[in-house]
Amino acid sequence: MFASSTTLRPVFFNRDPRQVARALLGKLLIRKTRGGMLAGRIVETEAYLAQGDAAAHAAAGKTARNAVLFGPPGRVYVYFIYGNHYCLNVSCLPDGIAGGVLFRALEPVMGIAQMAKARDIEVEDETDLAKISFLKKISSGPGRLSEALGITRARDNGKNLTSPRSDLRIVDDGYRVRRVMVTPRIGIVKAAEHPLRYFIAGSPFVSA
DNA sequence: GAGGAGATCGTCT
DNA sequence: GACGATCTCCTCT
């Protein structure tokens, strides 16, 4: 499957996070597991900038926690939040300049039953797997999509998303997004006014 | 359906 | 020692 798709290369991520956040919409996030392949279409992202963005983890400078954001583009940055959740990001811009994109929501595409199990969501019967109300519970939110794909800081932080052999990567399968909406970011206090949240207009799988 | 509070811990001050 | 790029459950309407 996805025979005609191509893995996104480092150059895709080597630019302004706002461009990357917008361009990632419609791409497929793919996770290879022992139990099979999981995939979701990216429907919602947020950009976190290098300079002058008080909400970004990189705002206060480089630390052991956020070092990946300062590294080369196309690397996985995972952080743990509220004592409960992991959030998945990808680094942008050249080595030495911080910046990243947070993945906020996916439309489940492949391995849906396995993702539901990872989220501890019960499948009543086979028809559930095609219901929007059911699919929304799987990966419409940063913590939710990370849990569905089994993302953890110990396992994935620093991983190269752009290697075709990686167990976590992003591919372009030719899907074309019709219209993109831009709004302020969610769940932050500092620099909350900037319109840096991007999502596919009309998608029922975006968060909130 | 909306709104509020608790969970729970790594990270930085 | 405080707080956070969240989620879920519970209560009230």
Side-chain angles (χ1 to χ4, degrees), chain A residues 13 16-22 24-25 29 40 42-71 73 75-93 97-108 115-124 131-159 161 168 170 181-199 204-208:
Chain A
F13 300 98
D16 189 291
R18 285 167 288 204
Q19 292 178 274
V20 177
R22 183 183 285 264
L24 279 172
L25 296 176
L29 178 60
I42 299 163
V43 298
E44 180 181 352
T45 58
E46 281 179 1
Y48 287 85
L49 309 181
Q51 308 272 325
D53 184 357
H57 285 182
K62 189 175 177 179
T63 67
R65 178 205 196 192
N66 65 24
V68 173
L69 291 173
F70 290 80
R75 302 302 168 92
V76 178
Y77 170 54
V78 180
Y79 65 87
F80 187 66
I81 193 72
Y82 296 117
N84 290 307
H85 306 289
Y86 291 101
C87 293
L88 174 67
N89 303 247
V90 59
S91 64
C92 301
L93 296 168
I97 303 177
V101 171
L102 168 70
F103 295 84
R104 283 198 58 89
L106 304 176
E107 173 183 349
M115 290 193 283
K117 189 176 178 186
R119 291 265 301 119
D120 205 21
I121 298 170
E122 196 168 344
V123 180
E124 302 276 340
K131 290 178 186 160
I132 288 176
S133 60
F134 175 86
L135 295 172
K136 276 189 71 165
K137 292 186 287 190
I138 293 179
S139 53
S140 63
R144 289 174 169 185
L145 74 87
S146 296
E147 187 174 22
L149 296 178
I151 307 268
T152 67
R153 183 168 168 88
R155 183 185 298 161
D156 299 301
N157 193 57
K159 195 170 277 183
L161 262 184
L168 191 62
I170 299 174
M181 300 288 285
V182 185
T183 71
R185 294 172 294 188
I186 290 178
I188 58 172
V189 177
K190 289 174 265 187
E193 68 280 10
H194 299 123
L196 294 172
R197 170 176 176 250
Y198 302 83
F199 62 93
F205 302 102
V206 301
S207 68

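In what follows, chains are A, B, ... by sequence order, proteins preceding strands, each numbered from 1.
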Undergrad: For DNA chain B, which nucleotides open and close the run of contacts to chain A, 5' to 3', at under 4.0 angstrom from a non-hydrogen atom?
TA: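 The contact span of chain A on DNA chain B goes from B:dA7 to B:dC12.
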
Undergrad: Sequence neighbours left out, what passes salt bridge (Lys or Arg N to Asp or Glu O under 4.0 Å) with A:Arg153? Give chain and number order.
TA: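 Checked A:Arg153 against salt bridge (Lys or Arg N to Asp or Glu O under 4.0 Å); zero matches.
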
Undergrad: With A:Leu106, which of A:Leu88, A:Val206, A:Ile138, A:Leu149 fulfils side chain to side chain contact (heavy atoms under 4.5 Å, CB included)?
TA: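 So, applying the side chain to side chain contact (heavy atoms under 4.5 Å, CB included) to A:Leu106 and each of A:Leu88, A:Val206, A:Ile138, A:Leu149, only A:Leu149 qualifies.
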
Undergrad: Between B:dA5 and C:dC3, how far is it from one C1' atom to the other, in whole Å?
TA: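 Pairwise C1' distance, B:dA5 against C:dC3, rounds to 16 Å.
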
Undergrad: Show the nearest heavy-atom pair for residues A:Val20 and A:Phe13, with the distance to one decimal.
TA: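 Looks like CG1-CD2, 3.8 Å.
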
Undergrad: Can you tell me how far CZ of A:Arg144 sits from CD1 of A:Ile121, rounded to the nearest 0.5 angstrom?
TA: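 Going from the CD1 atom of A:Ile121 to the CZ atom of A:Arg144 covers 7.5 Å.
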
Undergrad: With A:Arg119, which residues qualify under salt bridge (Lys or Arg N to Asp or Glu O under 4.0 Å), at least two apart?
TA: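 Testing A:Arg119 for salt bridge (Lys or Arg N to Asp or Glu O under 4.0 Å), a comparison that skips the adjacent residues, returns A:Glu147.
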
Undergrad: Indicate every side-chain donor-acceptor pair of residues 54-69 of chain A with a distance under 3.5 Å to a residue at least two apart or in another chain.
TA:
{"unit_1": "A:His57", "atom_1": "ND1", "unit_2": "A:Tyr77", "atom_2": "OH", "d": "2.8"}
{"unit_1": "A:Thr63", "atom_1": "OG1", "unit_2": "A:Arg65", "atom_2": "N", "d": "3.3"}
{"unit_1": "A:Thr63", "atom_1": "OG1", "unit_2": "A:Asn66", "atom_2": "N", "d": "3.4"}
{"unit_1": "A:Asn66", "atom_1": "OD1", "unit_2": "A:Thr63", "atom_2": "N", "d": "2.8"}
{"unit_1": "A:Asn66", "atom_1": "ND2", "unit_2": "A:His57", "atom_2": "O", "d": "3.0"}
{"unit_1": "A:Asn66", "atom_1": "ND2", "unit_2": "A:Gly61", "atom_2": "O", "d": "3.0"}

Undergrad: Write down the protein N/O and nucleotide N/O pairs, taken from nucleotides 10-13 of chain C, whose separation is under 3.5 Å; answer none if there are no such pairs.
TA:
none

Undergrad: Listed by chain and number, what are the salt bridge (Lys or Arg N to Asp or Glu O under 4.0 Å) partners of A:Lys136, not counting sequence neighbours?
TA: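 With neighbours one apart ignored, the set is empty.
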
Undergrad: Taking Watson-Crick and G-U wobble pairs with both distances under 3.5 Å, convert DNA chain C into its dot-bracket string, 5' to 3', dots for unpaired and | for cross-strand pairs.
TA: ||||.|||||||.

Undergrad: For A:Thr45, what residues pass the side chain to side chain donor-acceptor pair (under 3.5 Å) criterion, not counting sequence neighbours?
TA: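 So A:Thr45 forms no side chain to side chain donor-acceptor pair (under 3.5 Å) with any residue.
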
Undergrad: Show me the protein contacts with nucleotides 4-6 of chain C, counting only N or O atoms at under 3.5 Å.
TA:
{"unit_1": "C:dA5", "atom_1": "OP1", "unit_2": "A:His57", "atom_2": "NE2", "d": "2.9"}
{"unit_1": "C:dA5", "atom_1": "N9", "unit_2": "A:Tyr79", "atom_2": "OH", "d": "3.4"}
{"unit_1": "C:dA5", "atom_1": "N7", "unit_2": "A:Ala55", "atom_2": "O", "d": "3.3"}
{"unit_1": "C:dA5", "atom_1": "N7", "unit_2": "A:His57", "atom_2": "NE2", "d": "3.2"}
{"unit_1": "C:dA5", "atom_1": "N6", "unit_2": "A:His57", "atom_2": "N", "d": "3.4"}
{"unit_1": "C:dA5", "atom_1": "N1", "unit_2": "A:Asn89", "atom_2": "OD1", "d": "2.5"}
{"unit_1": "C:dA5", "atom_1": "N3", "unit_2": "A:Tyr79", "atom_2": "OH", "d": "2.9"}
{"unit_1": "C:dT6", "atom_1": "OP1", "unit_2": "A:Arg104", "atom_2": "NH1", "d": "3.3"}
{"unit_1": "C:dT6", "atom_1": "OP2", "unit_2": "A:Gly187", "atom_2": "O", "d": "3.2"}
{"unit_1": "C:dT6", "atom_1": "O3'", "unit_2": "A:Gly143", "atom_2": "N", "d": "3.4"}
{"unit_1": "C:dT6", "atom_1": "O2", "unit_2": "A:His85", "atom_2": "NE2", "d": "2.9"}

Undergrad: Looking at every strand, decide which applies to A:Arg119 at a 4.0 Å heavy-atom threshold: base, sugar-phosphate, or nothing.
TA: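 Touches sugar-phosphate only.
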
Undergrad: For A:Ser207, what residues pass the side chain to side chain donor-acceptor pair (under 3.5 Å) criterion, not counting sequence neighbours?
TA: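 Per chain and number, A:Ser207 pairs via side chain to side chain donor-acceptor pair (under 3.5 Å) with A:Glu44, A:Arg104.
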
Undergrad: Sequence neighbours left out, what pairs pass side-chain hydrogen bond (donor to acceptor under 3.5 Å, both in side chains) with at least one residue falling in residues 80-92 of chain A?
TA: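 The answer is none; no pair qualifies.
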
Undergrad: Mind listing the closest non-hydrogen atom pair of A:Leu93 and A:Gly99 along with its distance?
TA: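 For A:Leu93 and A:Gly99, the tightest heavy-atom pair comes out as CD1-CA, 4.4 Å.
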
Undergrad: Does any part of the side chain of A:Thr152, heavy atoms only, come nearer than 4.5 Å to the side chain of A:Phe80, both counted from C-beta?
TA: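 SC-SC contact between A:Phe80 and A:Thr152 ruled out.
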
Undergrad: Can you name the residues that form a salt bridge (Lys or Arg N to Asp or Glu O under 4.0 Å) with A:Asp53, not counting sequence neighbours?
TA: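 Scan of A:Asp53 (salt bridge (Lys or Arg N to Asp or Glu O under 4.0 Å), adjacent residues dropped) gives A:Arg185.
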
